[in-house]
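Below, chain A is the first sequence line, B the second, and so on; all start at residue 1.
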Amino acid sequence: DAGVTQSPTHLIKTRGQQVTLRCSPKSGHDTVSWYQQALGQGPQFIFQYYEEEERQRGNFPDRFSGHQFPNYSSELNVNALLLGDSALYLCASTPQGRSEQYFGPGTRLTVT
Amino acid sequence: KNQVEQSPQSLIILEGKNCTLQCNYTVSPFSNLRWYKQDTGRGPVSLTIMTFSENTKSNGRYTATLDADTKQSSLHITASQLSDSASYICVATTSGTYKYIFGTGTRLKVLA
C-alpha cells in the first residue's frame, strides 16, 4: 500500500508566476490537508479538503487555493508567487472517520 | 490563542546518551498530544499519540509523557543513535475540528 505521495519533489519558480502542487492520499483516506513549512519552522496549516470542498482554512491569503477530486487526490495552487512563498509544502491525508494525519514527503518550492 | 512551544530549540548529544525534549501547549478544546520525527526535507512521521487521560506512551526508545493539568509534555530518547538526528515536533490537536497546532520543533544532532 503506497503512502501519501506528492509531486513534484522540487520546483523552482520566479516571482509573479503561478504553481500547482499535487497530492495523492493513502488508500482509504478521504480528507487531505495542506501545510507550509518554512525553513527551521513548524508546519503552518493552509487548508483542508473533504468531499471535494474546503472544510477548514488557516491564515493564508486568497492567492492560495485548492481542489479535491472525486478520487480524493488534491491540488494546491499558489498565484502571484512571492519570495516568502519559498518553503516545503506538505500534504497529509486522514482515514475515513478518524483524525490521524499521515504526511507525504513534501514538495520543496523555491521562488527566485 | 492556540499555541505550542518547544524547548530547547536545538540540542547536540553524543551517541548512546539520553535526552529529553520539552513541549508546553495552550490549546482549547484539547484532544490529544502527538510527537513527530521529521528528517530534513521530509514529511513528519508519527512517534506517539496521547489523549488527556494518558500519562505516558512508549515507542521503542522513545517515551512521551503528558501532564494535562500543567499542559506539558516531554519526549525522552534513550540510548541515542546517529539516526535519531532530526527535528522533533510536538503537535496538539483540538477536539471537534481536529486542527493540528504545531510547535516549531527541536533540532537534535547526535554525534559519533
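Val4(A) and Tyr100(B) are members of different hydrophobic clusters when ILVMFWY side chains are connected at heavy-atom separations under 4.5 Å. Tyr25(B) is connected to Leu75(B) through a chain of hydrophobic side-chain contacts under 4.5 Å among Ile, Leu, Val, Met, Phe, Trp and Tyr, so both are in one cluster.
With a 6.0 Å cutoff to the six-membered ring centre and a 45° limit on the axis angle, Arg57(A) does not count as a cation-pi contact of Phe47(A). Taking the centre and axis of the six-membered ring of Tyr88(B), the NZ or CZ atom of Lys37(B) falls outside the cone set by 45° and 6.0 Å.
By the 4.5 Å heavy-atom criterion applied to side chains, Arg34(B) and Thr93(B) are counted as neighbours. Looking at Leu11(A) and Leu21(A), their side chains come closer than 4.5 Å, going by heavy atoms from C-beta outward. For the pair Tyr102(A) and Pro95(A), the minimum side-chain heavy-atom distance is below 4.5 Å.
At a 4.5 Å heavy-atom cutoff, the contact between Gln56(A) and chain B is made by side-chain atoms alone. Contacts of Gln38(B) with chain A are made by side-chain atoms alone, with heavy-atom separations under 4.5 Å and no backbone atom involved. Only the side chain of Tyr35(A) comes within contact range of chain B, with heavy atoms under 4.5 Å apart. Both the backbone and the side chain of Glu100(A) have a heavy atom closer than 4.5 Å to some heavy atom of chain B. Contacts of Gln101(A) with chain B are made by both backbone and side-chain atoms, with heavy-atom separations under 4.5 Å.
Residues of residues 61-69 of chain B never come within less than 4.5 angstrom of chain A, heavy atom to heavy atom. At a heavy-atom separation below 4.5 angstrom, chain A is approached by Phe102(B), Gly103(B), Thr104(B), Arg107(B) within residues 102-112 of chain B. Among residues 40-58 of chain B, the residues having any heavy atom closer than 4.5 Å to a heavy atom of chain A are, in sequence order, Gly41(B), Arg42(B), Gly43(B), Pro44(B), Ser46(B), Ile49(B).
Under the 4.0 Å criterion applied to side-chain N and carboxylate O atoms, Asp85(A) and Arg63(A) are assigned as salt-bridge partners.
Counted within 6.0 Å of CD on Gln22(B), heavy atoms from surrounding residues, nucleotides or ligands total more than 12; the atom is thus considered enclosed. Taking a 6.0 Å sphere around CG of Leu39(A), one finds it holds 12 or fewer heavy atoms contributed by other residues, nucleotides or ligands. Residue Asn71(A) qualifies as enclosed at atom CG: its count of foreign heavy atoms under 6.0 Å is above 12.
Although no hydrogens or angles enter the test, the distance criterion places no donor-acceptor pair under 3.5 Å between the side chain of Thr14(A) and the main chain of Thr112(A).
In this structure, Phe60(A) has its ring center no closer than 6.0 Å to that of Phe45(A).
Here the rule is side chain to side chain donor-acceptor pair (under 3.5 Å) with Gln48(A), and of Gln68(A), Glu54(A), Arg55(A) only Arg55(A) fits it.
Identified under the ring pair (Phe, Tyr, Trp, His ring centres under 6.0 Å) test for residues 76-95 of chain A, with sequence neighbours left out: none.
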